[in-house]
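One-based numbering, in listed order, for ligands and for the atoms of each.
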Amino acid sequence: MSVLLCLGAFVLLQNVMPGGSMQHGIIGGRVSDPGSHPYMVYIYNWKTNERCDGFLVSKDYVITAAHCKTSVVVFLGIYSTEGLHITNSTSVTAIPHPAYNNNTYENDIMLLKLCKPAPRNKRVKPVALPASENEEFSTNCLVMGWGSQEHNKRNLSSVLKEVNVTISKTSACTTPDMICSEGFKGPGKGDSGGPLICGNVAHGIVSSNFILNKTFVSRYVRTAYHLSWINSIIKKPPKDQRAQPRRFP
Ligand SMILES: *[C@@H]1O[C@H](CO)[C@@H](O)[C@H](O)[C@H]1NC(C)=O
Ligand SMILES: *[C@@H]1O[C@H](CO)[C@@H](O)[C@H](O)[C@H]1NC(C)=O
Ligand SMILES: *[C@@H]1O[C@H](CO)[C@@H](O)[C@H](O)[C@H]1NC(C)=O
Ligand SMILES: *[C@@H]1O[C@H](CO)[C@@H](O)[C@H](O)[C@H]1NC(C)=O
Ligand SMILES: *[C@@H]1O[C@H](CO)[C@@H](O)[C@H](O)[C@H]1NC(C)=O
């Protein structure tokens with residue numbers, strides 16, 4: 001488990017102004033209604049200057065992709081990335097999946113523990129995770145983010161955008177922890193880590209996209225597959241409750 005000091009990042013970041021360009025993100029699709037996805041989290045990497053998305057799953061935890069790396073801060077309850085200042089961000093402790101493989105993108109999942117609990121209001125609300133590993137779900141799902149709106153370009157969005165995608169079985173889904181959709185529409189660069197919502201449940205995490213047999217394929221991490229790992233961290237009692245009485249000889 002890699003642990004970042006909660007306060008470290010903050011000092012370095014006083015003058016950074018993360019934000020997208022004027023264009024709208026996600027390839028195809030539409031601009032989201034403000035406030036319609038209160039679990040959406042904008043993620044800024046202060047080492048690489050890259051952006052990712054994530055989603056709030058409890059008052060203390062955000063889920064994103066492991067390839068977004070660990071030197072990040074998060075912005076909760078935002079719609080537009082314009083004019084954002086680092087003082088609007090929350091520091092986190094990053095917990096990437098211990099078996100994340102940066103070649104195959106297997107286990108491309110990371111938990112971010114918020115250094116202070118998320119407020120709960122109209123603009124900030126967690127999304128549900130699957131209740132069990134085998135939970136059935138609709139193949140009509142919604143993916144959203146502030147990422148690029150063109151393949152292989154960096155037209156990052158300033159406002160949240162969304163598009164419906166259809167989950168399909170394809171040979172591009174190479175491991176049991178992957179879900180795929182095919183077609184031109186879908187997540188683009190910068191949408192990594194965002195949720196794939198099927199029904200009202202976050203069944204996937206945006207991980208990668210590529211062209212296979214002249215078809216665009218988007219790949220998501222299957223959250224249900226990782227439920228026991230997620231719960232082993234999220235449901236851990238606070239440290240002081242776990243502490244064992246110390247024995248003296
Ligand atoms: C960011 O913080 C400033 C003050 O620190 C506040 O005025 C502004 O509304 C905040 N913006 C967002 C999007 O929360
Ligand atoms: C993948 O991980 C290896 C070993 O930790 C590291 O040397 C390499 O730079 C990483 N590659 C990428 C693309 O991050
Ligand atoms: C994406 O950015 C390029 C270069 O800045 C621009 O020419 C193009 O019109 C943009 N596309 C969209 C859909 O905004
Ligand atoms: C898009 O997907 C979401 C999530 O599954 C669903 O609630 C919504 O009805 C879908 N919208 C369309 C237009 O298919
Ligand atoms: C690509 O398409 C060809 C012909 O339709 C098919 O035989 C092949 O299995 C496909 N490859 C992959 C990786 O899906």
Side-chain angles (χ1 to χ4, degrees), residues 7 9-22 24-44 46 51-57 62-63 72-92 114-131 135-146 156-169 179-187 191 194-206 218 220-224:
L7 290 174
F10 207 74
V11 180
L12 287 170
L13 278 174
Q14 293 302 340
N15 300 312
V16 181
M17 300 279 277
S21 65
M22 295 299 287
H24 301 149
I26 289 274
I27 296 147
R30 57 197 177 269
V31 168
S32 305
D33 290 336
S36 55
H37 307 304
Y39 44 80
M40 269 311 277
V41 174
Y42 183 61
I43 298 180
Y44 177 70
W46 43 271
R51 289 103 217 230
C52 271
D53 299 331
F55 50 103
L56 190 70
V57 294
V62 165
I63 288 183
V72 293
V73 291
V74 304
F75 295 83
L76 305 171
I78 68 156
Y79 174 67
S80 168
T81 61
E82 226 148 278
L84 267 191
H85 188 267
I86 202 64
T87 52
N88 300 114
S89 75
T90 305
S91 302
V92 296
L114 301 173
C115 288
K116 61 169 200 263
R120 195 179 172 109
N121 55 46
K122 216 167 67 229
R123 289 182 305 125
V124 181
K125 235 176 251 173
V127 65
L129 286 167
E135 186 173 287
E136 301 270 329
F137 59 95
S138 143
T139 55
N140 179 3
C141 303
L142 190 69
V143 62
M144 63 205 83
W146 290 274
L156 293 175
S157 174
S158 57
V159 298
L160 190 60
K161 236 187 120 189
E162 63 189 50
V163 67
N164 278 77
V165 295
T166 305
I167 300 310
S168 60
K169 289 202 158 63
I179 305 174
C180 294
S181 67
E182 292 172 285
F184 186 76
K185 293 179 181 176
D191 287 322
L196 176 75
I197 305 290
C198 313
N200 295 312
V201 176
H203 274 281
I205 308 163
V206 174
S218 301
Y220 315 85
V221 176
R222 186 194 294 270
T223 49

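Going from atom CZ of F137 over to atom CD1 of I197 covers 11.5 Å, rounded to the nearest 0.5 Å.
Counting only heavy atoms, the protein gets under 4.0 Å from atom 2 (O) of ligand 1.
The minimum heavy-atom distance between G28 and V163, with the atom names listed, is C-CG2, 4.2 Å.
With ligand atoms numbered from 1 in the order given, ligand 1 contributes 5 (O) to contacts under 4.0 Å with heavy atoms of T87. The contact set between ligand 4 and C198, taken as ligand atoms under 4.0 Å from a residue heavy atom, comprises 5 (O). Atoms of ligand 4 found under 4.0 Å from any heavy atom of I197, numbered from 1 in the order shown, are 4 (C), 5 (O).
Contact annotation: for N200 versus ligand 4, there are no heavy atoms closer than 4.0 Å.
Protein heavy atom at the shortest distance from atom 10 (C) of ligand 1 is N88 ND2, 2.5 Å. In this structure, atom 7 (O) of ligand 4 lies nearest to the protein heavy atom G199 O, 4.3 Å. Remark: minimum distance from atom 11 (N) of ligand 4 to any protein heavy atom is reached at N164 ND2, 3.0 Å. The protein heavy atom nearest to atom 13 (C) of ligand 1 is L84 CD2, 3.9 Å.
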Could you walk me through whether L84 and Y44 satisfy the side chain to side chain contact (heavy atoms under 4.5 Å, CB included) test, starting with their C-alpha distance in whole Å, then the side-chain angles of each, then the deciding distance to 0.1 Å, before giving a yes or no?
CA-CA 11 Å; L84 267 191; Y44 177 70; over 6 Å; no

Please assess L160 against Y42 for the test side chain to side chain contact (heavy atoms under 4.5 Å, CB included), listing each intermediate value before the final yes or no.
CA-CA 10 Å; L160 190 60; Y42 183 61; over 6 Å; no

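Heavy-atom separations between C141 and ligand 4 include at least one value shorter than 4.0 Å.
With a 6.0 Å radius and a threshold of 12 heavy atoms from other residues, nucleotides or ligands, N121 has its CG atom above the threshold.
By heavy-atom distance, the residue among T139, V143, N140, V163 lying nearest atom 5 (O) of ligand 4 is N140.
I43 is not listed as a side-chain neighbour of V92, based on a closest heavy-atom distance of 4.5 Å or more.
Under a 3.5 Å cut-off, the side chain of S158 and the backbone N or O of E82 do not form any donor-acceptor pair. Using modelled atom types, one side-chain atom of W146 and one backbone atom of Y79 make a donor-acceptor pair closer than 3.5 Å.
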